[in-house]
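In this chain, numbering begins with 1 at the start of the sequence shown.
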Amino acid sequence: MKYHRSDYAKYAILTSLALALALTACTSAPLVAGTSTTATVSEEIPTLTPPSPAPMEEEGLPSPATSALTPADDSLPNVPTSAAETPIIGTSPWPTPVSVPATPLIPGEPTVPSSPVSTPPTVIVEAPITPVIPSAPHVSPDYGNGTFTFPDGHISFDVPTGWTVQVEQAPYNEEANHPGGKENSLAANIFDNNGDKVAHITSGGTGGLVGGPVNRTILDSQELSAFDSRNGASHFAFVRDDYADFPEFPVRYYMGVVAEYFMTEGPDSTSVNSFMIMPNGAATAVAEIDASMTPETAAAWMKTDQYVKLRALLTSLRYAA
C-alpha cells in the first residue's frame, strides 16, 4: 500500500531526527563551563527552512522492520554530532505530573439510628374526694322524752319519736366575734318519719333581717317560757300575712318562733321573720310549710298530727346560760 509524503512531512521527520541527535549528545557529553549554549547550538545546527510545497509523490509504506530513524530520502542534511557541542535542553510547557498515591478510603463507623425516646403518657391521678359526712343524727327514742342540745349547750328542744336531726355549719360573719366562734354557729335540720325536712333551727349565728308592711292575721300562737331574747319574750306563731304592695305574691303563711315585736295584727304589722338575739348569737326556728295555703287548707292542716308535732317541737325551745 502506498501513500503520498508531502514536503511538510519530510520536514517534520528531519526536525525529529535533529532533536533526537541533540538529546543524545546532551546525555553523552557534559556541559562545558563558560560556554554559551545558545550561541553554540545556533552556530552548529543549520536552520531548517520548510521547503515550498511540491507535488505529492507516491512512495512505498516502510516495512515494520525498517528503523524509524533511517531516512527514506537521500537529501536529508547531515547533522554534526561533535561531543563538544552543547545542545539546548527544551522545557515542556506543561508541568510533569507527579504520581501521588491515593489515600485509601477508610469506611467510617456506621451510623446507628438512635431509637426514639419513648415518653410515657401523662397520667392524671385524681385525688379522691372525701365526702362530707354530716354529724350523726339525733333520734328521739320517745316523743316528749328525746331532747337535742347544740354542742355549746345553750339551746335545746324536744324531738318527736322517729324524727331525726342533722347538724351542719351555719353562715357566719367573722366580724361578729361571738364568744362561741364559727365552730358553734350551727344549723340543726329536722326530718320526719318519711325523711322529709320539716324544720330547721340555728344557734350562735350572725346576720339580720328586713321587713315590709303587711296586714297580719294570727291563726295560732303561744309564748315560750324559757326562750327570752334580748327583745323580750319569744312566741310560737302560725300567721297569715297579706301583702297589699305585692300583687304577684299577695299572701304568705308562716310558722315558727318569733320575737314579741312581730306579735301584732292588722294593716300596721311588719312582715314576720324568725330572728332572736340570744346571748350566744342569733337564733332562728322555722317550720317548712306551704307558704301559699288557702284559709281552708290552713284550717285543715292545723288538725293534722304533723302540725301537732311541729308545734310541740317549736314550743319546747329553751335557752341555758
Side chains of Asn273 and Tyr254: is there a donor and an acceptor less than 3.5 Å apart?
-> no
Taking only Lys NZ, Arg NE, NH1 and NH2, and the carboxylate oxygens of Asp or Glu, determine whether Arg252 and Asp290 approach each other closer than 4.0 Å.
-> no
Distance-only polar pair, side chains of Ser271 and Asp241, donor-acceptor under 3.5 Å | no
Could you tell me whether the side chain of Asn194 and the main chain of Asp196 form a donor-acceptor pair under 3.5 Å?
-> no
Modelled atom types, side-chain donor and acceptor of Gln222 and His235, under 3.5 Å | no
Verify whether one side chain among Ser156 and Thr147 offers a donor that lies under 3.5 Å from an acceptor in the other.
-> no
Determine whether more than 12 heavy atoms belonging to other residues, nucleotides or ligands lie under 6.0 Å from atom CZ of Phe191.
-> yes
Please lay out, stage by stage, how Phe148 and Phe150 fare under the test ring pair (Phe, Tyr, Trp, His ring centres under 6.0 Å).
-> CA-CA 7 Å; Phe148 174 85; Phe150 281 94; 5.4 Å; yes
Using distance alone, with no hydrogens and no angle criterion, decide if Glu260 and Asn231 have a side-chain donor and acceptor under 3.5 Å apart.
-> no
If you take all heavy atoms of Val251 and Arg240, which pair is closest and at what distance?
-> CG2-NH2, 3.6 Å
Under 6.0 Å between ring centres, would you say that holds for Trp301 and Tyr253?
-> no
What side-chain donor-acceptor pairs closer than 3.5 Å can you find for residues 203-214, not counting sequence neighbours?
{"unit_1": "Ser203", "atom_1": "OG", "unit_2": "Asn280", "atom_2": "ND2", "d": "3.1"}
{"unit_1": "Thr206", "atom_1": "OG1", "unit_2": "Asn173", "atom_2": "N", "d": "3.0"}

